[in-house]
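All values below were derived from every heavy atom in this structure, side-chain atoms included, with hydrogens, water molecules and symmetry-related copies excluded. For the single chain, residues carry numbers from 1 onward in sequence order.
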Amino acid sequence: MALELLSIKDEGFSPEDYDLFFTAGRTCIEQGNSAQVLSILVDEKNKSIVRCMGWNLLGPLVQILLKKEDRNLPHCHVCSPKELLVGLLEQVEEADTGSIAETVTLLLKPLQTVLLRLGMKKASTVGMALSTLLSQVARLPVPVTKEQEEDDVFGLCHCCTALLHFVKPFVEEIKEVVKDNNRISKDNELRVELLKLMKTANVFADILFTCFFSPIFVLKCNMEYIELLLSRTEESRLQKGLELYEKSLIRVEDNSLPVDLLELKTFFSVPQNLVKVMTLCPDQTLRTKGLKVFQLSIDKFNTEAKYKFFKGMLKTSHHAGVEGYIIKNIKNQIDFSLKPYNGNDWFLGKHLLPLLRLVLCLPHGPETDLLQNLDRIMESLNLLRYMLIRDKEWENETGIWTELYKIEDNYLKPLRTGLNMSKAHYEAELKNSKASVCTVTVDNEKLPNMTPEMQIQVLQSAVFTFDLIEGVLARIEEIIETKERPLS
(Lines give C-alpha, C1' and ligand atoms only; values in the text may rest on other atoms or scores of the structure.)
Protein backbone atom coordinates (compact mmCIF):
# COMPACT_ATOMS: atom_id res chain seq x y z
CA MET A 1 0.00 0.00 0.00
CA ALA A 2 1.47 3.34 -1.03
CA LEU A 3 2.57 5.47 1.90
CA GLU A 4 1.81 8.56 -0.15
CA LEU A 5 -1.88 7.99 0.60
CA LEU A 6 -1.28 9.03 4.19
CA SER A 7 -0.84 12.74 3.41
CA ILE A 8 1.13 13.19 6.64
CA LYS A 9 2.68 16.61 7.14
CA ASP A 10 6.46 16.59 7.23
CA GLU A 11 6.80 18.63 10.44
CA GLY A 12 10.44 19.17 9.48
CA PHE A 13 11.69 15.71 10.46
CA SER A 14 14.64 14.37 8.49
CA PRO A 15 15.03 10.80 7.17
CA GLU A 16 17.60 10.26 9.91
CA ASP A 17 14.92 11.15 12.49
CA TYR A 18 12.63 8.52 11.06
CA ASP A 19 15.37 5.88 11.05
CA LEU A 20 16.38 6.69 14.61
CA PHE A 21 12.81 6.61 15.89
CA PHE A 22 12.01 3.33 14.11
CA THR A 23 15.24 1.58 15.15
CA ALA A 24 14.95 2.63 18.78
CA GLY A 25 11.27 1.70 19.00
CA ARG A 26 11.74 -1.66 17.33
CA THR A 27 14.68 -2.52 19.59
CA CYS A 28 12.65 -1.71 22.72
CA ILE A 29 9.70 -3.79 21.52
CA GLU A 30 11.87 -6.77 20.59
CA GLN A 31 13.62 -6.62 23.96
CA GLY A 32 10.30 -6.65 25.78
CA ASN A 33 10.37 -3.00 26.90
CA SER A 34 6.86 -2.27 25.66
CA ALA A 35 6.00 -0.27 28.78
CA GLN A 36 8.92 2.09 28.10
CA VAL A 37 7.84 2.49 24.49
CA LEU A 38 4.29 3.28 25.60
CA SER A 39 5.47 5.90 28.10
CA ILE A 40 7.44 7.64 25.34
CA LEU A 41 4.52 7.49 22.90
CA VAL A 42 2.01 9.03 25.30
CA ASP A 43 4.38 11.77 26.44
CA GLU A 44 2.89 15.10 25.31
CA LYS A 45 6.37 16.37 24.33
CA ASN A 46 6.62 13.65 21.69
CA LYS A 47 3.16 14.30 20.21
CA SER A 48 4.37 15.60 16.83
CA ILE A 49 6.89 12.87 16.09
CA VAL A 50 4.49 10.16 17.29
CA ARG A 51 1.72 11.48 15.05
CA CYS A 52 4.03 11.30 12.04
CA MET A 53 5.96 8.13 12.85
CA GLY A 54 4.11 6.09 15.50
CA TRP A 55 2.35 3.80 13.07
CA ASN A 56 5.78 2.67 11.75
CA LEU A 57 6.13 0.62 14.91
CA LEU A 58 3.14 -1.56 14.02
CA GLY A 59 5.29 -3.96 12.01
CA PRO A 60 7.61 -5.06 14.79
CA LEU A 61 4.77 -4.86 17.31
CA VAL A 62 2.61 -7.25 15.28
CA GLN A 63 5.50 -9.66 14.78
CA ILE A 64 6.05 -9.79 18.54
CA LEU A 65 2.36 -10.28 19.26
CA LEU A 66 2.16 -13.14 16.80
CA LYS A 67 4.66 -14.98 18.99
CA LYS A 68 2.99 -14.17 22.32
CA GLU A 69 -0.22 -15.04 24.12
CA ASP A 70 -1.14 -11.39 24.70
CA ARG A 71 -3.15 -10.48 21.60
CA ASN A 72 -4.04 -6.89 22.48
CA LEU A 73 -2.57 -3.88 20.74
CA PRO A 74 -2.03 -1.47 23.65
CA HIS A 75 -0.23 1.18 21.60
CA CYS A 76 -2.76 1.62 18.79
CA HIS A 77 -4.48 4.65 20.28
CA VAL A 78 -1.43 6.88 19.91
CA CYS A 79 -1.77 7.27 16.11
CA SER A 80 -4.51 8.96 14.09
CA PRO A 81 -7.18 6.47 12.89
CA LYS A 82 -6.35 6.80 9.18
CA GLU A 83 -2.62 6.39 9.73
CA LEU A 84 -3.17 3.39 11.98
CA LEU A 85 -5.57 1.83 9.48
CA VAL A 86 -3.01 2.00 6.70
CA GLY A 87 -0.35 0.56 8.98
CA LEU A 88 -2.56 -2.34 10.03
CA LEU A 89 -3.55 -3.14 6.46
CA GLU A 90 0.10 -3.08 5.44
CA GLN A 91 0.76 -5.77 8.02
CA VAL A 92 -2.11 -7.84 6.61
CA GLU A 93 -0.77 -7.48 3.07
CA GLU A 94 2.79 -8.34 4.04
CA ALA A 95 1.90 -11.52 5.93
CA ASP A 96 3.56 -14.58 4.41
CA THR A 97 1.49 -17.65 3.52
CA GLY A 98 2.26 -19.43 6.77
CA SER A 99 1.03 -16.58 8.97
CA ILE A 100 -1.98 -15.20 7.04
CA ALA A 101 -4.63 -16.75 9.25
CA GLU A 102 -2.93 -15.73 12.47
CA THR A 103 -2.20 -12.20 11.27
CA VAL A 104 -5.72 -11.62 10.01
CA THR A 105 -7.39 -12.84 13.19
CA LEU A 106 -4.94 -10.85 15.33
CA LEU A 107 -5.54 -7.56 13.53
CA LEU A 108 -9.30 -7.74 12.94
CA LYS A 109 -10.24 -6.35 16.34
CA PRO A 110 -7.96 -3.27 16.16
CA LEU A 111 -9.01 -2.74 12.54
CA GLN A 112 -12.65 -2.81 13.60
CA THR A 113 -11.94 -0.35 16.42
CA VAL A 114 -10.17 2.05 14.08
CA LEU A 115 -12.92 1.89 11.44
CA LEU A 116 -15.62 2.55 14.01
CA ARG A 117 -13.76 5.70 15.06
CA LEU A 118 -13.98 7.11 11.55
CA GLY A 119 -17.59 8.17 11.98
CA MET A 120 -20.20 8.37 9.23
CA LYS A 121 -17.71 8.80 6.37
CA LYS A 122 -16.05 5.44 6.69
CA ALA A 123 -17.78 3.56 3.87
CA SER A 124 -14.96 3.61 1.32
CA THR A 125 -12.42 2.84 4.03
CA VAL A 126 -14.47 -0.15 5.19
CA GLY A 127 -14.57 -1.31 1.58
CA MET A 128 -10.79 -0.95 1.25
CA ALA A 129 -10.22 -2.89 4.47
CA LEU A 130 -12.57 -5.69 3.46
CA SER A 131 -10.97 -5.95 0.04
CA THR A 132 -7.51 -6.29 1.58
CA LEU A 133 -8.65 -8.84 4.16
CA LEU A 134 -10.52 -10.97 1.65
CA SER A 135 -7.66 -10.96 -0.84
CA GLN A 136 -5.41 -12.41 1.85
CA VAL A 137 -7.94 -14.92 3.14
CA ALA A 138 -8.40 -16.09 -0.46
CA ARG A 139 -4.74 -17.18 -0.43
CA LEU A 140 -5.42 -19.77 2.26
CA PRO A 141 -5.74 -23.38 1.08
CA VAL A 142 -9.29 -24.74 1.03
CA PRO A 143 -9.90 -27.89 3.12
CA VAL A 144 -10.43 -30.86 0.84
CA THR A 145 -11.49 -33.56 3.28
CA LYS A 146 -14.07 -33.42 6.04
CA GLU A 147 -11.31 -34.06 8.58
CA GLN A 148 -9.30 -31.08 7.34
CA GLU A 149 -12.38 -28.90 7.62
CA GLU A 150 -13.19 -30.09 11.14
CA ASP A 151 -9.60 -29.59 12.31
CA ASP A 152 -9.35 -26.30 10.38
CA VAL A 153 -5.78 -27.17 9.48
CA PHE A 154 -5.30 -24.07 7.32
CA GLY A 155 -7.14 -21.61 9.55
CA LEU A 156 -9.67 -20.72 6.84
CA CYS A 157 -12.75 -21.49 8.94
CA HIS A 158 -11.36 -19.50 11.88
CA CYS A 159 -10.71 -16.53 9.59
CA CYS A 160 -14.21 -16.64 8.15
CA THR A 161 -15.75 -16.78 11.62
CA ALA A 162 -13.59 -13.85 12.76
CA LEU A 163 -14.59 -11.88 9.65
CA LEU A 164 -18.24 -12.40 10.50
CA HIS A 165 -17.66 -10.80 13.90
CA PHE A 166 -15.63 -8.05 12.23
CA VAL A 167 -18.42 -7.02 9.86
CA LYS A 168 -21.27 -7.32 12.37
CA PRO A 169 -21.17 -3.78 13.85
CA PHE A 170 -21.28 -2.28 10.36
CA VAL A 171 -24.32 -4.39 9.53
CA GLU A 172 -25.92 -3.26 12.79
CA GLU A 173 -25.27 0.35 11.81
CA ILE A 174 -27.15 -0.15 8.55
CA LYS A 175 -30.00 -1.85 10.41
CA GLU A 176 -30.36 1.25 12.55
CA VAL A 177 -30.50 3.43 9.44
CA VAL A 178 -33.15 1.15 7.97
CA LYS A 179 -35.13 1.29 11.21
CA ASP A 180 -35.00 5.08 11.29
CA ASN A 181 -35.91 5.54 7.62
CA ASN A 182 -38.22 2.51 7.44
CA ARG A 183 -36.51 1.51 4.18
CA ILE A 184 -33.13 0.60 2.71
CA SER A 185 -31.57 3.57 0.99
CA LYS A 186 -30.03 2.59 -2.34
CA ASP A 187 -27.41 5.27 -2.02
CA ASN A 188 -26.25 4.25 1.45
CA GLU A 189 -22.49 4.04 0.87
CA LEU A 190 -21.79 1.55 3.64
CA ARG A 191 -24.51 -0.74 2.32
CA VAL A 192 -22.94 -0.52 -1.15
CA GLU A 193 -19.56 -1.59 0.22
CA LEU A 194 -21.08 -4.51 2.12
CA LEU A 195 -22.96 -5.48 -1.03
CA LYS A 196 -19.61 -5.76 -2.80
CA LEU A 197 -18.50 -8.00 0.03
CA MET A 198 -21.60 -10.11 -0.43
CA LYS A 199 -20.77 -10.62 -4.09
CA THR A 200 -17.16 -11.40 -3.32
CA ALA A 201 -17.45 -13.88 -0.46
CA ASN A 202 -20.59 -15.84 0.27
CA VAL A 203 -19.24 -16.87 3.69
CA PHE A 204 -21.06 -13.79 5.00
CA ALA A 205 -24.42 -14.96 3.78
CA ASP A 206 -25.69 -15.86 7.27
CA ILE A 207 -25.18 -12.48 8.85
CA LEU A 208 -26.22 -10.49 5.78
CA PHE A 209 -29.73 -13.48 5.23
CA THR A 210 -31.04 -12.24 8.37
CA CYS A 211 -30.13 -8.48 8.64
CA PHE A 212 -30.87 -6.23 5.71
CA PHE A 213 -30.81 -8.32 2.55
CA SER A 214 -33.91 -10.32 1.68
CA PRO A 215 -33.54 -14.12 1.39
CA ILE A 216 -34.40 -13.93 -2.31
CA PHE A 217 -31.70 -11.32 -2.90
CA VAL A 218 -29.14 -13.45 -1.09
CA LEU A 219 -30.15 -16.50 -3.14
CA LYS A 220 -29.67 -14.54 -6.37
CA CYS A 221 -26.23 -13.41 -5.26
CA ASN A 222 -25.19 -16.92 -4.26
CA MET A 223 -26.37 -18.63 -7.45
CA GLU A 224 -23.18 -17.67 -9.28
CA TYR A 225 -21.06 -19.49 -6.69
CA ILE A 226 -23.49 -22.42 -6.52
CA GLU A 227 -23.26 -22.78 -10.29
CA LEU A 228 -19.46 -22.81 -10.16
CA LEU A 229 -19.31 -25.39 -7.37
CA LEU A 230 -21.89 -27.74 -8.86
CA SER A 231 -20.18 -27.65 -12.25
CA ARG A 232 -17.11 -29.30 -10.73
CA THR A 233 -16.50 -33.03 -10.35
CA GLU A 234 -14.60 -33.06 -7.05
CA GLU A 235 -16.88 -34.38 -4.32
CA SER A 236 -15.69 -31.74 -1.85
CA ARG A 237 -16.75 -28.98 -4.25
CA LEU A 238 -20.10 -30.63 -4.94
CA GLN A 239 -20.70 -30.94 -1.21
CA LYS A 240 -20.01 -27.22 -0.72
CA GLY A 241 -22.28 -26.32 -3.62
CA LEU A 242 -25.16 -28.41 -2.28
CA GLU A 243 -24.77 -26.98 1.21
CA LEU A 244 -24.66 -23.40 -0.05
CA TYR A 245 -27.70 -23.95 -2.27
CA GLU A 246 -29.63 -25.58 0.56
CA LYS A 247 -28.71 -22.85 3.01
CA SER A 248 -29.64 -20.16 0.50
CA LEU A 249 -33.01 -21.78 -0.21
CA ILE A 250 -34.05 -22.75 3.28
CA ARG A 251 -34.71 -19.17 4.42
CA VAL A 252 -36.76 -18.38 1.33
CA GLU A 253 -40.49 -18.65 1.94
CA ASP A 254 -42.22 -21.52 0.13
CA ASN A 255 -44.02 -20.55 -3.09
CA SER A 256 -42.38 -17.12 -3.14
CA LEU A 257 -39.76 -17.18 -5.91
CA PRO A 258 -41.16 -15.22 -8.89
CA VAL A 259 -41.18 -16.54 -12.42
CA ASP A 260 -38.84 -13.83 -13.75
CA LEU A 261 -35.94 -15.47 -11.90
CA LEU A 262 -36.07 -18.26 -14.48
CA GLU A 263 -34.88 -15.75 -17.05
CA LEU A 264 -31.55 -15.50 -15.22
CA LYS A 265 -28.82 -17.74 -16.58
CA THR A 266 -27.92 -19.26 -13.22
CA PHE A 267 -31.50 -20.33 -12.50
CA PHE A 268 -31.31 -22.44 -15.64
CA SER A 269 -27.78 -23.80 -15.34
CA VAL A 270 -27.87 -24.66 -11.62
CA PRO A 271 -30.76 -27.17 -12.01
CA GLN A 272 -28.95 -28.72 -14.98
CA ASN A 273 -25.81 -29.16 -12.88
CA LEU A 274 -27.91 -30.45 -10.01
CA VAL A 275 -29.38 -33.11 -12.29
CA LYS A 276 -25.85 -34.26 -13.13
CA VAL A 277 -25.09 -34.59 -9.42
CA MET A 278 -28.32 -36.56 -8.88
CA THR A 279 -27.70 -38.94 -11.77
CA LEU A 280 -23.94 -39.18 -12.35
CA CYS A 281 -22.15 -38.56 -9.05
CA PRO A 282 -20.60 -41.83 -7.80
CA ASP A 283 -21.26 -40.89 -4.17
CA GLN A 284 -24.70 -42.10 -3.04
CA THR A 285 -24.85 -39.57 -0.21
CA LEU A 286 -24.33 -36.66 -2.60
CA ARG A 287 -26.92 -38.02 -5.03
CA THR A 288 -29.46 -38.24 -2.21
CA LYS A 289 -28.55 -34.76 -1.01
CA GLY A 290 -28.86 -33.46 -4.56
CA LEU A 291 -32.40 -34.83 -4.85
CA LYS A 292 -33.35 -33.25 -1.52
CA VAL A 293 -32.05 -29.84 -2.61
CA PHE A 294 -33.71 -30.23 -6.03
CA GLN A 295 -37.09 -30.71 -4.36
CA LEU A 296 -36.40 -27.83 -1.99
CA SER A 297 -35.77 -25.55 -4.96
CA ILE A 298 -39.08 -26.61 -6.53
CA ASP A 299 -40.95 -25.87 -3.30
CA LYS A 300 -39.71 -22.29 -3.26
CA PHE A 301 -41.08 -21.30 -6.69
CA ASN A 302 -44.49 -19.71 -6.97
CA THR A 303 -47.17 -21.47 -9.03
CA GLU A 304 -46.33 -19.91 -12.38
CA ALA A 305 -42.62 -20.45 -11.85
CA LYS A 306 -43.21 -24.11 -10.98
CA TYR A 307 -45.20 -24.54 -14.16
CA LYS A 308 -42.51 -23.04 -16.39
CA PHE A 309 -39.74 -24.83 -14.50
CA PHE A 310 -41.47 -28.18 -15.09
CA LYS A 311 -41.88 -27.42 -18.80
CA GLY A 312 -38.22 -26.49 -19.10
CA MET A 313 -37.00 -29.59 -17.27
CA LEU A 314 -39.17 -31.93 -19.34
CA LYS A 315 -37.66 -30.46 -22.50
CA THR A 316 -34.02 -30.44 -21.37
CA SER A 317 -33.27 -33.08 -18.74
CA HIS A 318 -33.13 -36.07 -21.14
CA HIS A 319 -33.18 -38.46 -18.19
CA ALA A 320 -36.18 -40.69 -17.55
CA GLY A 321 -35.67 -40.73 -13.79
CA VAL A 322 -35.59 -36.94 -13.56
CA GLU A 323 -38.57 -36.62 -15.90
CA GLY A 324 -40.47 -39.12 -13.77
CA TYR A 325 -39.70 -37.06 -10.69
CA ILE A 326 -40.94 -33.90 -12.40
CA ILE A 327 -44.15 -35.65 -13.43
CA LYS A 328 -44.71 -36.73 -9.83
CA ASN A 329 -44.38 -33.06 -8.81
CA ILE A 330 -46.87 -32.08 -11.50
CA LYS A 331 -49.32 -34.61 -10.06
CA ASN A 332 -48.87 -33.07 -6.61
CA GLN A 333 -49.58 -29.60 -7.98
CA ILE A 334 -52.72 -30.78 -9.78
CA ASP A 335 -53.89 -32.54 -6.63
CA PHE A 336 -53.37 -29.34 -4.63
CA SER A 337 -55.16 -27.24 -7.24
CA LEU A 338 -58.22 -29.52 -7.25
CA LYS A 339 -58.79 -28.99 -3.53
CA PRO A 340 -61.29 -26.31 -2.47
CA TYR A 341 -60.07 -22.70 -2.73
CA ASN A 342 -56.72 -23.74 -4.27
CA GLY A 343 -57.64 -23.36 -7.92
CA ASN A 344 -55.17 -21.55 -10.18
CA ASP A 345 -54.59 -20.77 -13.83
CA TRP A 346 -51.51 -22.96 -14.26
CA PHE A 347 -52.31 -26.49 -13.12
CA LEU A 348 -55.94 -26.53 -14.25
CA GLY A 349 -57.60 -25.91 -17.57
CA LYS A 350 -56.04 -24.35 -20.65
CA HIS A 351 -52.51 -23.87 -19.25
CA LEU A 352 -52.31 -27.40 -17.92
CA LEU A 353 -53.05 -29.06 -21.24
CA PRO A 354 -49.80 -27.99 -23.02
CA LEU A 355 -47.88 -29.32 -20.01
CA LEU A 356 -49.77 -32.61 -20.16
CA ARG A 357 -48.87 -32.96 -23.83
CA LEU A 358 -45.21 -32.90 -22.84
CA VAL A 359 -45.89 -35.50 -20.15
CA LEU A 360 -48.14 -37.88 -22.08
CA CYS A 361 -45.92 -38.60 -25.05
CA LEU A 362 -43.44 -41.21 -26.24
CA PRO A 363 -40.08 -39.81 -27.46
CA HIS A 364 -39.97 -42.23 -30.42
CA GLY A 365 -43.53 -43.42 -30.69
CA PRO A 366 -44.09 -47.21 -30.54
CA GLU A 367 -40.35 -47.73 -31.09
CA THR A 368 -39.51 -46.03 -27.77
CA ASP A 369 -37.31 -48.09 -25.45
CA LEU A 370 -39.83 -48.79 -22.71
CA LEU A 371 -37.27 -50.14 -20.26
CA GLN A 372 -35.04 -47.11 -20.57
CA ASN A 373 -38.06 -44.80 -20.14
CA LEU A 374 -39.74 -46.83 -17.41
CA ASP A 375 -39.73 -44.15 -14.69
CA ARG A 376 -41.24 -41.53 -16.97
CA ILE A 377 -43.87 -43.90 -18.40
CA MET A 378 -45.02 -45.22 -15.02
CA GLU A 379 -45.34 -41.73 -13.52
CA SER A 380 -47.20 -40.41 -16.57
CA LEU A 381 -49.67 -43.32 -16.47
CA ASN A 382 -50.20 -42.86 -12.73
CA LEU A 383 -50.85 -39.15 -13.32
CA LEU A 384 -53.36 -39.85 -16.09
CA ARG A 385 -55.18 -42.49 -14.05
CA TYR A 386 -55.31 -40.12 -11.06
CA MET A 387 -56.86 -37.30 -13.12
CA LEU A 388 -59.47 -39.57 -14.70
CA ILE A 389 -60.53 -40.76 -11.25
CA ARG A 390 -60.21 -37.48 -9.34
CA ASP A 391 -61.55 -35.00 -11.92
CA LYS A 392 -65.13 -36.02 -12.70
CA GLU A 393 -66.17 -35.94 -16.32
CA TRP A 394 -68.95 -33.40 -15.71
CA GLU A 395 -66.58 -31.10 -13.79
CA ASN A 396 -63.55 -31.39 -16.09
CA GLU A 397 -61.53 -28.83 -14.10
CA THR A 398 -58.24 -30.05 -15.52
CA GLY A 399 -59.54 -30.24 -19.09
CA ILE A 400 -58.45 -33.87 -19.28
CA TRP A 401 -61.80 -35.11 -20.59
CA THR A 402 -61.78 -32.64 -23.44
CA GLU A 403 -58.24 -33.73 -24.34
CA LEU A 404 -58.82 -37.45 -23.85
CA TYR A 405 -59.31 -38.41 -27.49
CA LYS A 406 -55.97 -36.82 -28.38
CA ILE A 407 -54.29 -38.58 -25.49
CA GLU A 408 -55.66 -41.90 -26.68
CA ASP A 409 -54.44 -41.37 -30.23
CA ASN A 410 -51.07 -39.79 -29.45
CA TYR A 411 -50.07 -41.66 -26.31
CA LEU A 412 -52.13 -44.62 -25.15
CA LYS A 413 -52.43 -46.40 -28.51
CA PRO A 414 -48.74 -45.99 -29.45
CA LEU A 415 -47.82 -47.13 -25.94
CA ARG A 416 -50.05 -50.20 -26.25
CA THR A 417 -48.46 -51.00 -29.63
CA GLY A 418 -44.95 -50.55 -28.31
CA LEU A 419 -45.74 -52.58 -25.21
CA ASN A 420 -47.13 -55.48 -27.24
CA MET A 421 -44.09 -55.42 -29.54
CA SER A 422 -41.58 -55.27 -26.70
CA LYS A 423 -43.29 -57.92 -24.63
CA ALA A 424 -43.55 -60.31 -27.59
CA HIS A 425 -39.90 -59.76 -28.43
CA TYR A 426 -38.64 -60.44 -24.91
CA GLU A 427 -40.91 -63.45 -24.43
CA ALA A 428 -39.55 -64.91 -27.67
CA GLU A 429 -36.01 -64.27 -26.51
CA LEU A 430 -36.83 -65.97 -23.22
CA LYS A 431 -38.01 -69.08 -25.06
CA ASN A 432 -34.87 -69.12 -27.18
CA SER A 433 -32.47 -68.55 -24.28
CA LYS A 434 -31.01 -72.05 -24.33
CA ALA A 435 -27.90 -70.86 -26.15
CA SER A 436 -24.73 -71.16 -24.05
CA VAL A 437 -23.59 -67.59 -24.69
CA CYS A 438 -25.36 -64.49 -25.96
CA THR A 439 -24.68 -60.79 -26.29
CA VAL A 440 -27.03 -58.19 -24.83
CA THR A 441 -27.07 -54.59 -26.06
CA VAL A 442 -28.17 -51.69 -23.85
CA ASP A 443 -28.19 -48.10 -25.15
CA ASN A 444 -26.21 -49.21 -28.21
CA GLU A 445 -23.43 -50.60 -25.98
CA LYS A 446 -22.72 -54.31 -25.87
CA LEU A 447 -22.51 -55.82 -22.42
CA PRO A 448 -20.03 -58.60 -21.64
CA ASN A 449 -21.09 -62.10 -22.66
CA MET A 450 -23.70 -63.55 -20.31
CA THR A 451 -24.35 -67.06 -19.14
CA PRO A 452 -27.76 -68.59 -19.95
CA GLU A 453 -28.80 -68.18 -16.30
CA MET A 454 -27.91 -64.47 -16.32
CA GLN A 455 -29.66 -64.01 -19.65
CA ILE A 456 -32.85 -65.63 -18.39
CA GLN A 457 -32.82 -63.44 -15.29
CA VAL A 458 -32.50 -60.26 -17.37
CA LEU A 459 -35.25 -61.30 -19.78
CA GLN A 460 -37.61 -62.30 -16.97
CA SER A 461 -37.03 -58.95 -15.28
CA ALA A 462 -37.89 -57.14 -18.52
CA VAL A 463 -41.09 -59.13 -19.02
CA PHE A 464 -42.09 -58.41 -15.41
CA THR A 465 -41.55 -54.69 -16.05
CA PHE A 466 -43.76 -54.81 -19.12
CA ASP A 467 -46.45 -56.51 -17.01
CA LEU A 468 -46.30 -53.59 -14.56
CA ILE A 469 -46.79 -51.07 -17.35
CA GLU A 470 -49.59 -53.13 -18.85
CA GLY A 471 -51.38 -53.36 -15.50
CA VAL A 472 -51.65 -49.58 -15.13
CA LEU A 473 -52.43 -49.09 -18.82
CA ALA A 474 -55.25 -51.66 -18.63
CA ARG A 475 -56.85 -49.84 -15.67
CA ILE A 476 -56.80 -46.58 -17.62
CA GLU A 477 -58.33 -48.23 -20.67
CA GLU A 478 -61.03 -49.73 -18.45
CA ILE A 479 -61.90 -46.29 -17.00
CA ILE A 480 -62.18 -44.82 -20.48
CA GLU A 481 -64.38 -47.67 -21.73
CA THR A 482 -66.85 -47.27 -18.88
CA LYS A 483 -67.36 -43.54 -19.47
CA GLU A 484 -68.90 -41.73 -22.33
CA ARG A 485 -66.42 -39.97 -24.56
CA PRO A 486 -67.31 -36.26 -24.82
CA LEU A 487 -68.24 -34.75 -28.17
CA SER A 488 -65.19 -33.32 -29.96
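- Glu253 CD: 12 or fewer foreign heavy atoms inside a 6.0 Å radius.
- Residues in residues 461-477 take part in these salt bridge (charged side-chain N to carboxylate O under 4.0 Å, His left out) pairs, two or more places apart or across chains: Arg416-Glu470, Arg416-Glu477, Lys423-Asp467, Lys423-Glu470.
- In this structure, a donor-acceptor pair under 3.5 Å is absent between the side chains of Asn344 and Thr303.
- In this structure a side-chain-to-backbone donor-acceptor pair under 3.5 Å is missing from Arg237 to Leu229.
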| field | Worked check of salt bridge (Lys or Arg N to Asp or Glu O under 4.0 Å) between Lys413 and Asp409 | value | CA-CA 6 Å; Lys413 289 179 181 178; Asp409 291 339; 3.3 Å; yes
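- Judged by distance alone, with hydrogens and angles left aside, the side-chain atoms of Gln112 form a donor-acceptor pair with the main-chain N or O of His165 at under 3.5 Å.
- Closest approach of Ala305 to Asn302, counting heavy atoms only: N-OD1, 2.8 Å.
- Rounded to the nearest 0.5 Å, atoms CZ (Arg376) and OG (Ser317) are 8.0 Å apart.
- Between Glu323 and Glu379, every side-chain heavy-atom pair lies at or beyond the 4.5 Å cut-off.
- Side-chain N or O atoms of Lys300 include one that pairs as donor or acceptor with a backbone N or O of Val252 at under 3.5 Å.
- Within 6.0 Å of CD in Gln295 there are more than 12 heavy atoms belonging to other residues, nucleotides or ligands.
- A donor-acceptor pair under 3.5 Å is formed between the side chain of Asn329 and the backbone N or O of Tyr325.
- Pairs of residues two or more places apart, or lying in two chains, that qualify as salt bridge (charged side-chain N to carboxylate O under 4.0 Å, His left out) and include a residue from residues 330-345 are Asp335-Lys339.
- Here the closest non-hydrogen pair linking Asn222 and Ser248 is ND2-OG, 2.9 Å.
- Ile334 places a side-chain heavy atom less than 4.5 Å from the side chain of Ile330.
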Before giving the answer on side-chain hydrogen bond (donor to acceptor under 3.5 Å, both in side chains), spell out for Asp96 and Ser99 the whole-Å C-alpha distance, their side-chain angles and the decisive distance to 0.1 Å. CA-CA 6 Å; Asp96 58 51; Ser99 64; 3.1 Å; yes
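- For the pair Glu243 and Lys247, the salt-bridge criterion is not met [side-chain N within less than 4.0 Å of a carboxylate O].
- Residues Gln333 and Ser337 have side chains that never bring a donor and an acceptor to within less than 3.5 angstrom of each other.
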Item to check | Intermediate values then yes/no, side-chain hydrogen bond (donor to acceptor under 3.5 Å, both in side chains), Asp391 and Thr398 | outcome: CA-CA 7 Å; Asp391 187 17; Thr398 62; 2.7 Å; yes
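- What you find for Pro258 and Ile216 is that their closest heavy atoms are CD-CD1, 4.4 Å.
- Note: Thr132 OG1 to Gln91 CD = 12.5 Å, rounded to the nearest 0.5 Å.
- No donor-acceptor pair under 3.5 Å is formed between the side chain of Ser422 and the backbone N or O of Leu419.
- Looking only at side-chain heavy atoms (C-beta outward), Leu134 and Leu163 come within less than 4.5 Å of each other.
- None of Lys292, Arg251, Lys240 except one satisfies the salt bridge (charged side-chain N to carboxylate O under 4.0 Å, His left out) rule with Glu246; the exception is Lys292.
- Salt bridge present: Glu403 and Arg357 bring a charged side-chain N and a carboxylate O closer than 4.0 Å.
- Separating the CG atom in Leu118 from the CG atom in Leu85 is a distance of 6.5 Å, to the nearest 0.5 Å.
- Between the side chains of Glu227 and Thr266, no donor N or O sits under 3.5 Å from an acceptor N or O.
- Side-chain atoms of Asp152 come within 3.5 Å of backbone atoms of His158 as a donor-acceptor pair (strictly under, hydrogens ignored).
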Trace of the side chain to side chain contact (heavy atoms under 4.5 Å, CB included) decision for Leu362 with Asn410 = CA-CA 8 Å; Leu362 293 175; Asn410 298 330; over 6 Å; no
side-chain hydrogen bond (donor to acceptor under 3.5 Å, both in side chains) for Lys306 and Asn255? Distances and angles first, verdict last. CA-CA 9 Å; Lys306 283 186 175 75; Asn255 306 305; 2.6 Å; yes
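- Residues Leu355 and His351 are not in side-chain contact: their nearest non-hydrogen atoms beyond the backbone lie 4.5 Å or more apart.
- Between Val463 and Tyr426 the shortest heavy-atom distance is CG2-CB, 4.0 Å.
- Between Leu107 and Leu88 the shortest heavy-atom distance is CD1-O, 3.7 Å.
- Leu89 places a side-chain heavy atom less than 4.5 Å from the side chain of Leu111.
- Taking the side chain as every heavy atom from C-beta outward, Leu388 and Arg385 never approach each other to under 4.5 Å.
- With hydrogens and angles ignored, the 3.5 Å screen pairs no side-chain donor or acceptor of Ser131 with any backbone N or O of Gly127.
- Summarising the geometry, atom CG belonging to Leu459 is positioned 11.5 Å from atom CE belonging to Met454; distances are rounded to the nearest 0.5 Å.
- Within the 4.5 Å cutoff, the side chain of Pro141 has no heavy atoms near those of the Leu156 side chain.
- Ring-plane geometry between Tyr307 and Phe347 is classed as perpendicular, the angle between the planes exceeding 60 degrees on a 0 to 90 degree scale with a lower cut at 30.
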- Item | Worked verdict on Tyr245 versus Leu274 for side chain to side chain contact (heavy atoms under 4.5 Å, CB included) | CA-CA 10 Å; Tyr245 197 18; Leu274 195 53; 4.0 Å; yes
Side chain to side chain contact (heavy atoms under 4.5 Å, CB included) assessment of Asp260 paired with Phe267: CA-CA 10 Å; Asp260 56 4; Phe267 278 83; over 6 Å; no
- Query: After noting the C-alpha distance and the side-chain angles of Gln457 and Ser461, does the key distance pass the side-chain hydrogen bond (donor to acceptor under 3.5 Å, both in side chains) rule?
  - Reply: CA-CA 6 Å; Gln457 187 176 2; Ser461 176; over 6 Å; no
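- To the nearest 0.5 angstrom, Leu348 atom CG is 12.5 Å from Lys350 atom NZ.
- The closest side-chain heavy-atom distance from Ile400 to Tyr386 is not below 4.5 Å.
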Tyr411 and Val359: side chain to side chain contact (heavy atoms under 4.5 Å, CB included), yes or no, with the steps?
CA-CA 10 Å; Tyr411 184 59; Val359 170; over 6 Å; no
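- Distance alone, capped at 3.5 Å, places no donor-acceptor pair between the His364 side chain and the Glu367 backbone.
- Between Ile476 and Leu381, the shortest heavy-atom distance links the atoms CD1-O, 3.4 Å.
- The distance from the CD1 atom of Ile479 to the CD atom of Glu393 is 12.0 Å, given to the nearest 0.5 Å.
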